[in-house]
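Working notes for the structure below.
Numbers here are sequence positions counted from 1. For ligands, and for the atoms within them, numbers begin at 1 and follow the listed sequence. Both backbone and side-chain heavy atoms feed into the values below; hydrogens, waters and symmetry mates do not.
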Amino acid sequence: MPTPPPIAIVGAGLAGLTCARALHARGVPLHIFDKGRGPGGRMSTRRHGEALRFDHGAQYVTARSEAFRAQLQRWVAAGVAAPWRGRVRVLERGEVSDTRRATERYVGVPGMSALVSHQARGLEVAFGTRVAPLERDGARWRLRTTGGEELGEFERVVIAVPAPQAAALLPEGSALRRAAEEAVMNPCWAALAAWDAPLGLPFDGAFVHRSPLAWIARDSDKPERPEGSRWVLHASHAWSRDHLERERDEVAALLLQALRDATPRPIPEPTFLTAHRWRYAIPAPALEARSFHDAALGLGVCGDWCAAPRVEGAFLSGAHLAERVAAHLGV
Ligand SMILES: Cc1cc2nc3c(=O)[nH]c(=O)nc-3n(C[C@H](O)[C@H](O)[C@H](O)COP(=O)(O)OP(=O)(O)OC[C@H]3O[C@@H](n4cnc5c(N)ncnc54)[C@H](O)[C@@H]3O)c2cc1C
């Protein structure tokens, strides 16, 4: 069977790489581009030196579908995922209570980005490459960086980026662009903080109610992390939206104060504190298409926002699109 022409994949988060792995396994040549410095996307692990590492985006992974449960088990067997058995509670104005449901949570080891790195093995990804809106050139798509550098011409392109960024890349007037424009994504401000000594809180992660915070986690409690007392604080979507354009240091200080207001014990000054803004953090809600594919235009779209608002959704969407593209190519 002749080798199909190369496909360009824009976005090397879990969705793009899951799609890429499946197509690569069927012998489809790929050119993968990502604007980030390394693998991860919203599952990145942020580093400040060796000891200060934080999962500042996705916190843990859960599986509801058989397909993703099987993938999780493959990651565990490969040594890149492990169960996180931290004590997860509900926190409301200093009161700590149990969560209603028991949930099995898994994390990447030694950080969440390990799951995406594993998905990228054997694939070549051009990092630091921010792709500009697609341009039609005859029957092909011409890809360039936002700086004007040529990336090649392709009959088929897969877009695997958050919905608003996908809409900006896709051709005007196309149904795919309309779908991406329809999807809403909530922002999330994250504060990352470290202390010299444990905070002595009676939990390792908590869903926070009636607070600017929605979630806090002792990142250093997760398996195979460096010793220390490192916490990730996620603001609620509403608070993040209201404070979206505020300065990073100001947001970090406000979220630290919110932690002090929410917790039952005094919180000392941290030795490290910063904040990160996720402008497009979580789809709200995800569309139910799984993925989008326009064979005539040679375009496919995947990402959590097409399937479900979590890591599992990104995986299922990438896998779904790969099946559609492969069926079309007959590979
Ligand atoms: C704060 C936060 C907390 C979360 N918590 C959880 C959780 O606990 N559990 C859970 O299951 N999920 C969680 N999620 C959601 C989870 O992270 C996502 O569902 C999943 O990572 C989405 O993967 P993706 O591949 O669809 O998108 P992404 O990971 O966003 O990947 C898209 C990639 O496209 C690249 N890109 C974008 N535009 C361009 C361009 N123009 N050119 C080139 N590259 C481009 C980006 O650099 C990125 O690497 C959380 C997300 C955030 C932000």
Taking only heavy atoms of [X] into account, list the atoms of ligand 1 that are under 4.0 Å away from them.
X	answer
Gly36	47 (O)
Gly303	26 (O)
Arg130	42 (N)
Val10	42 (N), 43 (C)
Thr129	42 (N), 43 (C)
Ala314	22 (C), 23 (O), 24 (P), 26 (O)
Gly11	33 (C), 34 (O), 35 (C)

Verify the ring-centre separation between Trp278 and His56: is it less than 6.0 angstrom?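 Ring centres of Trp278 and His56 closer than 6.0 Å.
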Quick one, Leu273 and Leu192 - any side-chain contact, counting heavy atoms below 4.5 Å?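 Contact flag for Leu273/Leu192 side chains = no.
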Flag side-chain contact, heavy atom, 4.5 Å: Phe203 against Arg218: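 Sidechains of Arg218 and Phe203: no contact.
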Check: [X] side chain, [Y] main-chain N or O, donor-acceptor pair, under 3.5 Å:
X	Y	result
Asp55	Met112	yes
Ser317	Ala15	no
Asp34	Ala12	yes
Lys222	Tyr60	no
Trp189	Ala275	no

Using the six-membered ring wherever Trp is involved, compare the ring planes of His48 and Phe272 and label them parallel, tilted or perpendicular (cut-offs 30° and 60°).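 Geometry flag for Phe272 against His48: tilted rings.
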Can you say whether the rings of His293 and His328 are parallel (under 30°), tilted (30 to 60°) or perpendicular (over 60°)?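 Correct class here is perpendicular.
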For [atom], what is the closest protein heavy atom, and at what distance to 0.1 Å?
atom	answer
atom 11 (O) of ligand 1	Val311 N, 2.8 Å
atom 47 (O) of ligand 1	Asp34 OD1, 2.7 Å
atom 18 (C) of ligand 1	Asp304 OD2, 3.3 Å
atom 21 (O) of ligand 1	Met43 CG, 3.3 Å
atom 4 (C) of ligand 1	Ala58 CA, 3.4 Å
atom 41 (N) of ligand 1	Val131 O, 3.1 Å
atom 3 (C) of ligand 1	Gly57 O, 3.3 Å
atom 50 (C) of ligand 1	Ile282 CD1, 3.5 Å

Purely on distance, is any nitrogen or oxygen of [X] under 3.5 Å from one on ligand 1?
X	answer
Leu14	yes
Pro309	no
Lys35	yes
Gln59	yes
Thr62	no
Ala15	yes
Ala12	no
Arg42	yes
Arg310	yes

Any Lys/Arg nitrogen of [X] or [Y] sitting under 4.0 Å from an Asp/Glu carboxylate oxygen of the other?
X	Y	value
Asp221	Arg87	no
Arg69	Glu312	no
Glu181	Arg177	yes

With salt bridge (Lys or Arg N to Asp or Glu O under 4.0 Å) as the test, would you mind laying out the steps for Arg277 and Glu247 before giving the verdict? CA-CA 10 Å; Arg277 177 179 57 197; Glu247 289 299 318; over 6 Å; no
If hydrogens are left out, which of Val61, Val232, Val161 has an atom nearest to atom 37 (C) of ligand 1, that is, the closest non-hydrogen atom?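 Minimum heavy-atom distance to atom 37 (C) of ligand 1 goes to Val161.
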Between Ala160, Ala214, Ala126, Gly41, which one has a non-hydrogen atom sitting closest to atom 32 (C) of ligand 1?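 Comparing heavy atoms across Ala160, Ala214, Ala126, Gly41, the nearest one to atom 32 (C) of ligand 1 lies in Ala160.
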Under 4.5 Å between side-chain heavy atoms, counting indirect links through other Ile/Leu/Val/Met/Phe/Trp/Tyr residues: same cluster for Val331 and Val157 or not?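 Result: no, two separate clusters.
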Is Glu95 atom CD crowded by more than 12 heavy atoms from other residues, nucleotides or ligands, each under 6.0 Å away?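 Check fails, neighbour count at 12 or below.
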Should Pro162 be listed as contacting ligand 1, given a heavy-atom distance under 4.0 Å as the test?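 Pro162: in contact with ligand 1 (<4.0 Å).
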What part of Cys188 sits under 4.0 Å from ligand 1 if we count only heavy atoms: the side chain, the backbone, both or neither?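 Side chain only; the backbone of Cys188 stays clear of ligand 1.
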